[in-house]
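First comes the structure, then the notes that go with it.
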Protein chains: 2
Amino acid sequence: MAHAELQLDNQICFRLYTAARLVTQAYTPMLTELGITYPQYLVLMVLWEKDNQPVNDIAHRLLLETNTVTPLLQRMEKLGIVNRKKGEQDKRQQIVSLTKKGKEMEELAYAKIPAGMGEQLSACPLKLEDYFHLAQELDSIIKTLKK
Amino acid sequence: MAHAELQLDNQICFRLYTAARLVTQAYTPMLTELGITYPQYLVLMVLWEKDNQPVNDIAHRLLLETNTVTPLLQRMEKLGIVNRKKGEQDKRQQIVSLTKKGKEMEELAYAKIPAGMGEQLSACPLKLEDYFHLAQELDSIIKTLKK
DNA sequence: TAACAATAAATCGTGCGCGATATAAGTAGG
DNA sequence: CCTACTTATATCGCGCACGATTTATTGTTA
């Protein structure tokens with residue numbers, strides 16, 4: 001290995017890739033209890049914040065493309081979590097809304113997930129201010145790279 | 001939205017998920033020139049560091065399962081980047097080695113990737129010490145969550 | 001208002017990740 | 001030395017991500 005720049009240990013990207021996978025894995029047990037995946041949980045958070053949004057708005061909020069979000073929403077519709085119906089003023093849009101089940105999952109998530117993640121990260125030496133700092137650094141990278 | 005803990009903007013995980021995707025996307029143009037994907041690039045970095053490794057060692061280095069790495073290596077073999085041959089002392093193992101093409105890609109990567117990433121992140125306000133700090137925080141999370 | 005460009009969503013193909021399972025080879029205990 | 005257990009890899013199925021293309025609807029402009 002001639003080039004230090006190409007070493008795995010020197011790569012921020014590999015750390016991001018790995019940390020994202022491991023944190024998502026840490027969510028998985030709680031999400032499996034709810035019957036959903038992590039990307040589906042992200043969609044739910046978007047809709048809990050504001051219900052009745054077109055596919056595009058959800059995709060933009062998550063910085064994803066509609067060709068990722070559309071199949072995701074179709075699966076969530078099959079699960080009975082969301083409804084999709086044509087927009088009335090703009091018939092190209094699909095307006096996504098929470099079902100009763102989708103709304104009720106917020107309380108279930110609140111009961112399980114923050115505590116479950118807290119427990120799994122309890123052994124992590126990072127302090128609250130470290131997480132705050134980390135969030136700012138990630139936001140800088142995200143802001144720089146998003147189109 | 002009743003619960004601040006469940007808001008997207010308060011989630012470290014969503015930031016990790018997004019930052020990892022966007023940084024990977026930033027690599028993509030350079031990697032496409034080389035004809036490989038980001039996970040394939042990770043495998044190459046592992047092999048550039050130390051050639052002739054069994055599947056398990058590569059998987060452990062990347063914190064991935066063999067059911068992810070095996071098909072990845074099969075695709076890389078088809079691309080003529082690596083060879084796989086049965087281990088001699090332990091016939092269960094597949095020893096993975098770089099082909100001539102795989103070795104030559106290190107220089108191509110070194111010529112393109114550090115410069116390309118530097119350019120794309122040039123607008124990012126983070127300083128060298130911020131990246132160092134970020135790396136440490138990510139390492140803490142990774143160390144805590146890996147099995 | 002007819003033609004054309006732009007936009008919203010969906011569809012298709014490929015490559016990951018990963019849980020679950022299978023297969024083959026090595027190891028250990030009786 | 002035979003059976004049981006462990007380990008290394010592979011296979012299968014599903015759900016993302018994402019580039020590329022398609023379809024339907026809206027807007028724009030001559």
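In what follows, chains carry the letters A, B, and so on, assigned in the order in which the sequence lines appear, proteins first and then strands, with residues in each chain numbered from 1. Reckoned from all heavy atoms, side chains included, excluding hydrogens, waters and symmetry mates.
Applying a 4.0 Å cut-off to non-hydrogen atoms, the residues of residues 55-81 of chain B that approach DNA chain C are B:L64, B:N67, B:T68, B:L72, B:R75, listed by residue number. Listed by residue number, the members of residues 86-96 of chain B with any heavy atom below 4.0 angstrom from DNA chain D are B:R92, B:Q93, B:Q94. Contacts between residues 22-34 of chain B and DNA chain C, counted as heavy-atom distances below 4.0 Å, involve no residue at all.
Under a 3.5 Å cut-off, the side chain of B:T99 and the backbone N or O of B:G102 do form a donor-acceptor pair. A donor-acceptor distance shorter than 3.5 angstrom exists from the side chain of A:Q11 to the backbone of A:E5, with no hydrogens or angles considered. When atom types are taken as modelled, the side chain of A:Y38 and the backbone of B:F14 share a donor-acceptor pair closer than 3.5 angstrom.
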Identify every side-chain donor-acceptor pair in residues 118-129 of chain A under 3.5 Å, counting partners at least two apart or on other chains, and give the distances.
from   : atom 1 : to     : atom 2 : distance (Å)
A:Q120 : NE2    : A:A26  : O      : 2.8
A:S122 : OG     : A:E119 : O      : 2.7

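Here D:dA17 presents its C1' atom at 17 Å from CG of A:L145, a figure rounded to the nearest Å. Remark: C1' of C:dG17 and NZ of B:K146 are 19 Å apart, rounded to the nearest angstrom.
Remark: A:D57 CG to A:L62 CG distance equals 11.0 Å, nearest 0.5 Å. The CG atom of B:L44 sits 8.0 Å away from the CD atom of B:Q40 when rounded to the nearest 0.5 Å.
Among residues two or more places apart in sequence or in another chain, the side chain to side chain contact (heavy atoms under 4.5 Å, CB included) test is passed with A:Q94 by A:V55, A:R84, A:K86.
Listed by first and then second residue, the salt bridge (charged side-chain N to carboxylate O under 4.0 Å, His left out) pairs that reach into residues 7-27 of chain B are A:R61-B:D9, A:D139-B:R15, sequence neighbours excluded.
Within a 6.0 Å sphere centred on NE2 of A:H133, heavy atoms belonging to other residues, nucleotides or ligands number more than 12. Around atom CD of B:E65, no more than 12 heavy atoms belonging to other residues, nucleotides or ligands sit under 6.0 Å away.
Regarding contacts with the backbone of D:dC16, every side-chain N or O of A:R21 stays at 4.0 angstrom or more from both OP1 and OP2. Applying the 4.0 Å criterion to OP1 and OP2 of D:dA17, one finds that B:Y38 has every side-chain N and O outside that range.
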